[in-house]
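Accompanying notes for the structure given below.
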Protein chains: 2
Amino acid sequence: MKKTLIYIADDEVNICNIIKSFLVKEGYEVETFHDGQSILEAFEHRAADMLIIDIMMPMVDGYSVCAAVRKQSSVPIIIVSAKDTEPDKIAGLTLGSDDYMTKPFSPMELVARVKSIFRRIELDKSSSHRTSTIQVADVVLDAETKQAWHGNLEIPLTSMEFSLLLYLINNKDRPVSRGELLDKIWGFENEVETRATDDVVKRLRKKLGDFGAQLKIETVWGFGFKLANKN
Amino acid sequence: MKKTLIYIADDEVNICNIIKSFLVKEGYEVETFHDGQSILEAFEHRAADMLIIDIMMPMVDGYSVCAAVRKQSSVPIIIVSAKDTEPDKIAGLTLGSDDYMTKPFSPMELVARVKSIFRRIELDKSSSHRTSTIQVADVVLDAETKQAWHGNLEIPLTSMEFSLLLYLINNKDRPVSRGELLDKIWGFENEVETRATDDVVKRLRKKLGDFGAQLKIETVWGFGFKLANKN
DNA sequence: CTATTTTGCCTCACTTTTGCCTCATTTTTA
DNA sequence: TAAAAATGAGGCAAAAGTGAGGCAAAATAG
């Protein structure tokens, strides 16, 4: 497991070191910088997982760093500043930062906020895969019960057919190669010369057609298949 | 477009109303509650997109609400509290909230933080299904899906045509010899006497022309081909 | 164990892609 | 200017890929 990497930029060396020591204690990998220019260059060379940036820095200020990074990355950013007026905070938050803390601050609170942001990212990542039913066009699949529905009518699918259709639905509009299907659904590791995929697709098409589903499996010539809405 | 729904729970009715008015002004749909019990029931009945919760409330306190909601939902939560000690903040953030603001606070700052959290969620959403596309002039190639686009219209390319066009685009403005193409795309090592390259180029030109793409494959006499913008 | 369903393979007809051929046209060279 | 070399366009057919029906092995149910 690779360590989570955090960059800190503050022209006060002491502050950098204090923050760094707390974050390292939590298991993060930390690099410190003391002006806007150098953290930008470092980020370009190796992207970090989070940036903690002071506003007032020589060369390039924190706002500019924030804006520059946001142009090409969605990395979370915490702004740290001695400026504690409302307009300052709003400007920082609006510019693209995820949090704004005013100096002096508690390092423990900073750590808690860092964790909170990473937790938010994880929550969003996992919640998108947690739904047990998924709907595309007029077809509903229930991953738990392995049932497919067209309106109130159940479409009787075998387990292979269900798995394949679920995989295609999860990759809607993206062409999926036969090799990928064999790998992900059959579990073959190497390229096996088989047209088993074509057979399942053939039977799926038949059943979807019989039920008049507004959903079709298109052929991507010389490659594989793609799920699309019927037009 | 459905409005984003935010629930607020605070036993001070005035605070609720102030926050609500600011958020409504920003276009959010807002419901207010005055104890922990009722916001939990409401959430169970209809999930909101964000919760703003006071710590000190009758019946069920904010911490408990936060913990209860987190058990089954990843909805973002902002805790608002008069308690401004470090342990309070850390407890709130650790328990699962996304932000912790101490009273009295600026409503404008709250709005900025609300927006910041939604932006974070959007950033994570969009970055998770980023595509590896290359664009030249008005033509977009997606190497992953092997598709070429002219605006919203897909240009149907065979796999040979796609590979050749991709190679030319990656070497835009540089003349590429037939031998190089045979080597890199067909995989022939020696100089094979074939005009297969010319055939694929011929068909590519036809299709690009049919779609009115601002992109053309120029002939470099006695050598090969070169991709260029149409002028 | 038997009956039924599921699944993979085979064959064959059919479709799409790809390379080659010919010939006209363009560019270079003598 | 004429001959030679290279390229472009259209047609064609081999090669490659796919779909449908039938069949039997394998898995599942009774």
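All heavy atoms count here, side chains included; hydrogens, waters and symmetry mates do not.
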Review point. Rounded to the nearest Å, what distance is computed from the CD atom of residue E218(B) to the P atom of nucleotide dG8(D)?
Key: 12 Å
Review point. Excluding sequence neighbours, so at least two apart, what forms ring pair (Phe, Tyr, Trp, His ring centres under 6.0 Å) with Y7(A)?
Key: F33(A)
Review point. Roughly how many Å is it from CD1 in I185(A) to C1' in dG8(C), rounded to a whole number?
Key: 15 Å
Check your understanding: Whole-Å distance between dT7(D) C1' and L204(B) CG?
Key -> 17 Å
Point to revise | Residue-phosphate contact under 4.0 Å: T158(B) side-chain N/O, dT18(C) OP1/OP2 | key: yes
Check your understanding: Which of these nucleotides, dT6(C), dC9(C), dG8(C), is closest to any side-chain atom of V200(A)?
Key -> dG8(C)
**Study point:** Charged N-O contact under 4.0 Å between E41(B) and R46(B)
**Key:** no
Study note, to complete from the structure: Residues at least two apart in sequence or cross-chain that pass salt bridge (charged side-chain N to carboxylate O under 4.0 Å, His left out) with D198(A), listed by chain then number, are R178(A), R195(A)
Review point. When the distance from CD of E161(B) to P of dT18(C) is rounded to whole Å, what number comes out?
Key: 6 Å
Point to revise | Test: R70(B) and D98(B) ion pair at under 4.0 Å | key: yes
Revision key, fill the gap. With sugar-phosphate taken as primed atoms, P, OP1 and OP2 and all else as base, the protein-contact string of nucleotides 16-30 of chain D at under 4.0 Å (heavy atoms; B, S, -) is BBBBBB---------
Review point. If you round to the nearest 0.5 Å, how far is CG of N170(A) from CG of L165(A)?
Key: 9.5 Å
Check your understanding: Can a side chain N or O of W186(B) be found less than 4.0 Å away from OP1 or OP2 on dG19(C)?
Key -> yes
Check your understanding: Quick one: is the NZ or CZ of K25(A) closer than 6.0 Å to the six-membered ring centre of F22(A), and within 45° of its axis?
Key -> yes
Review point. What integer distance in Å separates L182(A):CG from dG8(C):C1'?
Key: 12 Å
